[in-house]
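Heads up, the thing below is written out as structure tokens.
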Amino acid sequence: MLAPTAFRGLSACLRASSAGVVRSSFFAAIALVALAACGPTTRTETPGTGGEGGETWTAGPGVGGAGAGGAGAGGSGAGAGPSELQSLEHIDLGDLALNSLEPFEVPDRALGLTVAVGAANVNDVVGISRLRPPSGEPVIFNYAMPNKSNLAFASYGWVGGANPQSDAPNAWPMQQGQWRISLGDDDGSVKSAHVDVWIRRTKDGLFHGGVVDVNVFLAPNSTTQNYVNQVLSDMFVDYAGLGLGKVTFLPLDASFTTVDDFNEYRNLLASSAGVVDAPALNLFVIGSFGSEFGQAIGVAGGIPGSPALHGTTMSGVAYMPSGNPEYDATVLRHEVGHLAGLFHTTEFSIEETDPLSDTVECPTSVMQSNPENCPDTTNTMFPIAYGALDLTEAQKRVLQGSALYRGILEEGGEPAPPLPPSNKKVAAPPSPLAPEPPFAIVATRRPNKPLPAKPGALERVLGAVWCAHGKGDYEALAIRIAGAAAPGKLRALVVDGAASELIRARALGAYVRVSQGDERARALELAETLATQESASTDLRVSALRSLARFAPSQARQSAATAAQSGDPVVRSVAWTLRGK
């Protein structure tokens, strides 16, 4: 038995974290999302004989070719004989006992594998203790990447794992043969958890492209379909060889106009249970995130997430539009990278970097004081990325080995069709939204203002991707960079009507926070004015309401009473929430 020593005290650690289950390393980052592609073939499985080979426990479930053992040990866990190679092969390992190494077979010509682990109770802590290739050291060890302290592979209810997530010799190239997985929990109360494995393959073991289907769950009045289409089009320009596939717009309940905490976020991702086609990126477009998310505008469901299995707390990425589609595309490139299995090139709050050898890293002291001097600022996975688009070759391999897309089996081929439907009973699929008029408008106010092409250090931090995975206090970083004159500098940005609304909103939060005495009174007065000003932008008003709630609760309730009558549905939703506190 494998004693889950690294998990001792994990439950307390998780419960102490405001991010709960969705932190990308909980222990250093939060989560991510989705794509897939291949040739139009259909594979059928026949339970029973399992092909050739003697009966032995060491030959675990596998995919394709001859079965590796007796009954039930062939392909997809059902004893398949020879069958046509598929771009994304599924192995259902069933319910596995915790703290024991369980085998499964990885065939030849594999580009990667993705694992999804689900506990019977979403409040149970479960993790991947080991993921071991046929030879060499485990690629996941004690719930972390080897030689790392970031416990990325443990969570409440659901957790994912993948390979490659590094380019170490045991992780890449993908090894053919018997892999093993071991699960654990924090206190011995969980006896088993369900494990599904997806294996990415091509006919020659080389990547030939693919497409990412996207299910856009659109909250009422969050933005328009046309805006999201523009964001997605920009996102998939030179994205590791992956293109944009079918885009389907689906309704999202108005209760998700604002997502106030991580429990609500988990419910949001799990609401994808009715989606049928997989793999696909579930993109939840909402009005605003609550204060638990640290002013992030995009949050992924895991590192990796679950693009091939819908209805889990890892099944997608949630995102709130900024009004600037080009900027939003960079945010989604970052979060989808997480969902595929990419870590930050440098972590914000701990002395740890990603496990890829070709990504440069930044000393923590520089990251937390002057991040514009970091050598990885242009990388998509930099935790304070500002318009960053770069991906290294190793990062591209992680994306290409993921379960996010419909893959192409051979050069010149076509993307594969979606995976065959699961036999599991799920909620009725939602009806797609009707196409909207070309010039559709919404009640939210998010003007398309470009971010500065040559930002100063303060503007760069305020306009960067603030990733909830890093658990960094980005607002405090902005205050440090602003220096002794922080109140004046931040106020100047707030009242600059030509500045990006994202920068103005974040500057307001930092301004109220850093101000003292008479300056604090001025800051709160400005926040009160903006909170109730119908002509102000959605995000500036939301920031004003939340800043008042943090530092002047009685004034917040007064402003919320007025804002609750606003014609802006996001402002109205936030105001009603604050009125109840």
Side-chain angles (χ1 to χ4, degrees), residues 32-37 209-253 256-257 268 272 275-288 297-300 307 310 315-337 339-340 380 387 389 399 404-406 415 418 429-451 465 500-502 538-539 569-570:
L32 4 66
V33 66
L35 358 171
V211 296
V212 181
D213 292 340
V214 184
N215 299 310
V216 181
F217 291 82
L218 198 61
N221 283 300
S222 55
T223 189
T224 66
Q225 295 180 31
N226 294 329
Y227 182 91
V228 177
N229 279 326
Q230 186 176 350
V231 173
L232 292 173
S233 179
D234 289 344
M235 176 194 163
F236 285 100
V237 174
D238 192 22
Y239 194 59
L242 297 170
L244 179 61
K246 178 183 177 183
V247 179
T248 304
F249 286 89
L250 301 164
L252 187 61
D253 192 89
F256 291 119
T257 295
L268 173 71
S272 61
V275 173
V276 177
D277 287 350
L281 164 60
N282 296 317
L283 180 61
F284 298 86
V285 183
I286 66 168
S288 182
I297 74 168
V299 184
H310 305 303
S315 297
V317 168
Y319 137 81
M320 52 170 274
S322 72
N324 182 333
E326 185 178 5
Y327 174 80
D328 291 3
T330 68
V331 172
L332 292 186
R333 286 169 69 97
H334 182 102
E335 296 305 329
V336 171
L339 206 64
T380 292
L389 301 175
L399 283 161
L404 298 174
Y405 63 96
R406 292 188 291 113
S431 298
L433 292 171
E436 66 188 10
F439 302 104
I441 59 173
V442 292
T444 50
R445 294 195 70 255
R446 285 181 164 131
N448 184 0
K449 295 181 181 178
L451 274 74
V465 174
S500 157
E501 297 301 320
L502 178 71
T538 299
D539 296 322
V570 176

*Could you pull out the closest heavy-atom pair between Pro430 and Pro251, with the gap in Å?*
CB-CD, 4.5 Å
*Of the options Val216, Leu433, Ile286, Leu218, which is the one that meets Leu252 in a side-chain contact (heavy atoms from CB on, under 4.5 Å)?*
Ile286
_side-chain contact (heavy atoms from CB on, under 4.5 Å) partner of Leu244, the single match among Leu232, Val237, Asp234, Asp213_ = Leu232
*Would the number of heavy atoms belonging to other residues, nucleotides or ligands and lying under 6.0 Å from CD of Gln225 be above 12?*
yes
*Grab the two heavy atoms, one from Glu335 and one from Gly298, that are nearest each other, plus how far apart they are.*
OE2-O, 3.2 Å
_Separation between CG of Asn215 and OG1 of Thr248, rounded to the nearest 0.5 Å_ = 5.5 Å
*Walk me through it: do Tyr239 and Leu399 pass the test side-chain contact (heavy atoms from CB on, under 4.5 Å)?*
CA-CA 9 Å; Tyr239 194 59; Leu399 283 161; 3.9 Å; yes
*Verdict with supporting geometry, Lys449 and Glu501, salt bridge (Lys or Arg N to Asp or Glu O under 4.0 Å)*: CA-CA 7 Å; Lys449 295 181 181 178; Glu501 297 301 320; 2.5 Å; yes
*asked:* Rounded to the nearest 0.5 Å, what separates atom OG1 in Thr224 from atom CD1 in Ile441?
replied: 10.5 Å
*asked:* Between Thr223 and Tyr319, is there a side-chain heavy-atom distance shorter than 4.5 Å?
replied: no
_Which atom of Ser500 lies closest to which atom of Pro450, heavy atoms considered_ = CB-O, 4.3 Å
*Gap between atom CG of Asn324 and atom CG of Leu451 - 0.5 Å precision*: 6.0 Å
*Quick one: which of Val331, Leu332, Ile297 gives a side-chain contact (heavy atoms from CB on, under 4.5 Å) with Val465?*
Val331
*Measure the spacing between CG of Leu283 and CG of Leu250 and express it to the nearest 0.5 Å.*
11.0 Å
*OH/Tyr227 to CZ/Arg446 distance, rounded to the nearest 0.5 angstrom?*
8.5 Å
*Looking only at non-hydrogen atoms, find the nearest pair between Phe284 and Ser315 and report the distance.*
CE1-O, 3.7 Å
*Checking His310 side chain against Asp277 main chain: does a donor-acceptor pair fall under 3.5 Å?*
yes
*Report the distance from atom CG of Asn282 to atom OG of Ser272, rounding to the nearest 0.5 Å.*
4.5 Å
*Determine the minimum heavy-atom distance between Met235 and Val336, stating which atoms define it.*
CE-CG2, 3.4 Å
*For the residue pair Phe236 and Leu242, what are the closest heavy atoms and their distance?*
CD2-O, 3.7 Å
*Option passing side-chain contact (heavy atoms from CB on, under 4.5 Å) with Ser288 (candidates Val570, Asp539, Thr257)*: Val570
*asked:* Assess, by modelled atom type and distance only, whether the side chains of Asn221 and Thr444 contain a donor and an acceptor separated by less than 3.5 Å.
replied: no
